[in-house]
Amino acid sequence: MQKLEENFLLAKKQDRKGQKALYDMFSAKMLAIANSYVNNLHDAEDILLNAFMKCFTKLDGCRDWKSFPFWLRKIVVNDSISFIRKNKNILYADMEIAEDYSENENEDYPEEINIEEIFTQMPVGYRLIFNLYVFEEKKHSEIAEILNISEGTSKSQLSKAKKWLAEFLKAKENEKRTPETIKI
C-alpha cells in the first residue's frame, strides 16, 4: 500500500515515473475488465490506454490514493460502455420481464470453467448487463440509466443472460460426458 500512496502522489504531480508505476500496478486487471465488456483484446487495449490518459489528466478528481483503484475501474467500465455504444448496434428487445430462471442446485457443472470462452460466446447485450449487475454490482435502475434502457429491459436481459449461461454450462458438461467416437 505504501507504493500505491507514493506513486499516486507522484502521478498527481504529473511525474511520469509515478504514472508508469500506477500503470504497471493496474494495467493487467483493467485490461481484463475492459476485455470482459468488449470481448476484443485490441479494442480493450485501446480502451485501457484512453482510460489511463483520462485518469492521468483528471487525477485531481480522485479524492485520495485509497479510492484510486475504484476510481480507475469506474473510468475503464464507463469507457468500455461508451465504446460499445459507439461501435456496436446493441438491440434490446423491450419485452415483458422474463420469470426468474431457477437453477437446479443438485445439477453438476463443469469442473473447469473458461470465463474467456463464456464471454466470447455470450451475446453482447447479455454480457454488458451481466457484467454491470454481477461484477460492478449495479442495480437495475442504475443499469437502465447508464444504458438508456428501461429497468424491465435490464431485468429481462439479466434473466436471459443467466438462462443462457446455465444452458452453456450444461452443454459443456454434456460435451465432457459424451464418449468419443468408438473405432471398431
Side-chain angles (χ1 to χ4, degrees), residues 1-88 90 92 113-120 122-151 153-162 164-165:
M1 286 300 179
Q2 180 70 24
K3 289 276 186 199
L4 174 57
E5 181 179 14
E6 190 178 303
N7 292 322
F8 175 80
L9 294 173
L10 286 171
K12 229 173 176 176
K13 296 176 184 175
Q14 298 299 315
D15 180 86
R16 296 290 181 212
K17 289 181 182 177
Q19 291 174 338
K20 173 144 180 23
L22 288 177
Y23 179 85
D24 291 341
M25 291 173 84
F26 293 100
S27 62
K29 185 174 183 179
M30 296 303 138
L31 179 63
I33 290 168
N35 195 40
S36 75
Y37 280 89
V38 297
N39 197 27
N40 180 306
L41 189 57
H42 297 294
D43 293 338
E45 289 169 343
D46 288 345
I47 291 167
L48 177 73
L49 293 176
N50 289 332
F52 269 102
M53 286 177 41
K54 187 181 295 184
C55 163
F56 294 141
T57 58
K58 298 181 179 188
L59 201 51
D60 288 332
C62 184
R63 291 183 298 236
D64 63 8
W65 66 272
K66 293 176 188 173
S67 62
F68 177 76
F70 307 104
W71 184 76
L72 177 59
R73 181 186 180 104
K74 187 175 182 177
I75 292 172
V76 170
V77 168
N78 288 339
D79 284 1
S80 298
I81 292 169
S82 294
F83 176 86
I84 291 170
R85 279 188 184 145
K86 289 177 188 172
N87 297 300
K88 308 242 187 222
I90 303 173
Y92 297 99
I113 297 174
N114 184 337
I115 299 294
E116 187 175 327
E117 180 184 10
I118 291 171
F119 285 120
T120 299
M122 185 181 275
V124 176
Y126 295 176
R127 184 176 63 239
L128 187 57
I129 290 178
F130 186 84
N131 280 347
L132 288 169
Y133 188 82
V134 174
F135 299 120
E136 302 303 323
E137 300 177 350
K138 299 287 186 192
K139 296 177 183 171
H140 287 292
S141 58
E142 294 171 310
I143 295 170
E145 188 176 320
I146 291 168
L147 299 177
N148 197 25
I149 59 175
S150 72
E151 257 185 82
T153 299
S154 176
K155 291 177 183 178
S156 174
Q157 293 292 305
L158 178 63
S159 177
K160 290 175 185 179
K162 288 179 181 178
W164 182 92
L165 183 57

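Worth knowing before you read on, the calculation uses all heavy atoms, side chains too, and leaves out hydrogens, waters and symmetry mates. Note that this is a predicted model, so its numbers are computed, not measured.
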Take L49 and E45 through the side chain to side chain contact (heavy atoms under 4.5 Å, CB included) test and state the conclusion after the steps. CA-CA 6 Å; L49 293 176; E45 289 169 343; 5.6 Å; no
CD1/I33 to CZ/F135 distance, rounded to the nearest 0.5 angstrom? 10.0 Å
To the nearest 0.5 Å, atom OG of S141 lies from atom NZ of K155 at 8.5 Å
For N148, is the CG atom crowded, meaning more than 12 foreign heavy atoms sit under 6.0 Å from it? no
In terms of heavy-atom contacts, does OH of Y133 have more than 12 from other residues, nucleotides or ligands at under 6.0 Å? no
Please round to the nearest 0.5 Å and tell me the distance separating atom CG of L128 and atom CD1 of I149. 8.0 Å
CG (L59) and CZ (F68) are apart, to the nearest 0.5 Å, by 6.0 Å
Search all heavy atoms of K29 against all heavy atoms of R73 and return the closest pair with its distance. CE-NH1, 4.2 Å
SG on C55 to CG on L48, rounded to 0.5 Å: 10.5 Å
Heavy-atom pair of closest approach, residues D15 and K17: OD2-N, 3.1 Å
Find out whether N131 and S80 are in side-chain contact, i.e. whether some heavy atom of one side chain is under 4.5 Å from a heavy atom of the other. no
Please find the pair of heavy atoms, one from W71 and one from G61, that lie closest to each other, and give the distance. NE1-O, 3.9 Å
When you measure from the side chain of N35 to the backbone N and O of L31, does any donor-acceptor pair fall under 3.5 Å? no
Can you see which heavy atom on V76 is nearest to which on M30, and at what distance? CG1-O, 3.6 Å
Full working for side chain to side chain contact (heavy atoms under 4.5 Å, CB included) between I81 and L132: CA-CA 10 Å; I81 292 169; L132 288 169; 3.6 Å; yes
Side chains of L22 and L4, heavy atoms from C-beta outward: is any pair under 4.5 Å? yes
Considering all heavy atoms of both residues, which atom of I143 and which atom of S154 are nearest to each other, and what is their separation? CG2-OG, 3.4 Å
Using a 6.0 Å cut-off, check whether atom CD of Q14 has over 12 heavy atoms from anything other than its own residue. yes
If you apply the rule side chain to side chain contact (heavy atoms under 4.5 Å, CB included), what do you find for L72 with F52, and how did you get there? CA-CA 8 Å; L72 177 59; F52 269 102; 3.6 Å; yes
Please round to the nearest 0.5 Å and tell me the distance separating atom CD1 of I118 and atom CZ of F130. 8.0 Å
E136/Y37 under side chain to side chain contact (heavy atoms under 4.5 Å, CB included): CA gap, chis, key distance, verdict: CA-CA 11 Å; E136 302 303 323; Y37 280 89; 3.0 Å; yes
Do S67 and D64 have a side chain donor and acceptor closer than 3.5 Å? yes
Assess whether salt bridge (charged side-chain N to carboxylate O under 4.0 Å, His left out) is satisfied between E151 and K139, documenting all intermediate values. CA-CA 9 Å; E151 257 185 82; K139 296 177 183 171; over 6 Å; no
